[in-house]
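For this chain, numbers begin at 1 and follow the sequence in order. Start at 1 and go down the list; that is how both ligands and their atoms are numbered.
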Amino acid sequence: MATRSEEMLHMNGDACVKPRENGDAVNKHNEAAARGDVNLPGQNGHSELPENFTFSSEPSLEDIRRMQAQFTEERDWNQFHQPRNLLLAMVGEVGEVAELFQWRGEVAEGLPDWTESEREHLAQELSDVLIYLVELAEKCHVDLPQAVLRKMALNRLKYPASKVHGSAKKYTEYQD
Ligand SMILES: Nc1ccn([C@H]2C[C@H](O)[C@@H](COP(=O)(O)OP(=O)(O)OP(=O)(O)O)O2)c(=O)n1
């Protein structure tokens with residue numbers, strides 16, 4: 001049985017070429033989702049209380065890498081997507097995320113005071129950052145999921161819970 005991300009990976013350009021099963025329903029859903037007419041379960045986490053929030057398990061970072069590689073290839077955009085350009089594009093998108101938060105003061109977890117349209121805008125800008133980050137890592141031959149595991153192990157060594165519990169100090173500020 002095809003997983004959701006496998007179905008997404010069968011999307012070619014702007015239309016789903018051949019969903020593996022339940023074709024009409026999947027096609028209708030894809031078309032409605034593209035128009036923004038459907039509210040996907042758990043979209044933007046709004047249907048969940050903040051303390052219950054989790055991500056969907058798919059797509060994986062490798063799924064995202066493959067989808068973006070296909071998107072870029074279909075448009076002959078690899079000629080523009082060198083590491084430096086991808087970095088600048090990613091930083092630009094980070095700026096767009098920052099713009100959504102600027103002048104609002106502190107914002108509570110789950111963004112309870114934001115409208116649905118503001119949440120969707122944030123979801124889109126965060127996705128732009130992730131898409132460029134994944135492609136930047138690909139073009140630099142960094143295996144991002146494995147690199148994250150290594151970095152988190154290092155973080156645990158640098159910041160032992162027993163030592164830093166409840167403190168936000170940088171590791172260089174500790175004496176021993
Ligand atoms: N040369 C490009 C242009 C776009 N994209 C993809 C990756 C991003 O997910 C998204 C970025 O598109 P835009 O540059 O149009 O930026 P926004 O979607 O943020 O639009 P806007 O700047 O109007 O908010 O499209 C890409 O891969 N390569």
Taking only heavy atoms of His81, which atoms of ligand 1 are found under 4.0 Å from at least one of them? 1 (N), 2 (C), 26 (C), 27 (O), 28 (N)

Would you call the rings of Phe55 and Phe53 parallel, tilted or perpendicular, where under 30° means parallel and over 60° means perpendicular? perpendicular

With a 4.0 Å cut-off on N to O distance, would you call Glu118 and Arg104 a salt bridge? yes

Closer than 4.0 Å: a protein non-hydrogen atom to atom 20 (O) of ligand 1: no

Tell me whether Arg156 forms a cation-pi arrangement with Tyr159, defined as NZ or CZ under 6.0 Å from the six-membered ring centre and within 45 degrees of its axis. no

I need the contact type for Glu135 against ligand 1. Using non-hydrogen atoms and a strict under-4.0 Å cut-off, is it side chain, backbone, both or neither? neither

Within the structure, does at least one protein heavy atom fall under 4.0 Å of atom 15 (O) of ligand 1? no

Polar side chain donor-acceptor pair, Lys139 to Asn85, under 3.5 angstrom: no

Suppose I only count heavy atoms of Glu125 and a 4.0 Å limit; which atoms of ligand 1 are within that range? 19 (O), 24 (O)

Spatial distance of atom NZ (Lys158) from atom NZ (Lys163) [nearest 0.5 Å]: 12.0 Å

Counting only heavy atoms, which portion of Tyr132 has something under 4.0 Å from ligand 1: side chain, backbone, both, or neither? side chain

Which ligand 1 atoms, with their elements, are less than 4.0 angstrom from a heavy-atom of Glu96? 19 (O), 21 (P), 22 (O), 24 (O)

Heavy atom of protein inside 4.0 Å of atom 23 (O) of ligand 1, strictly below: no

Distance under 4.0 Å to a non-hydrogen atom of Glu93: what atoms of ligand 1 satisfy this? 11 (C), 16 (O), 19 (O)

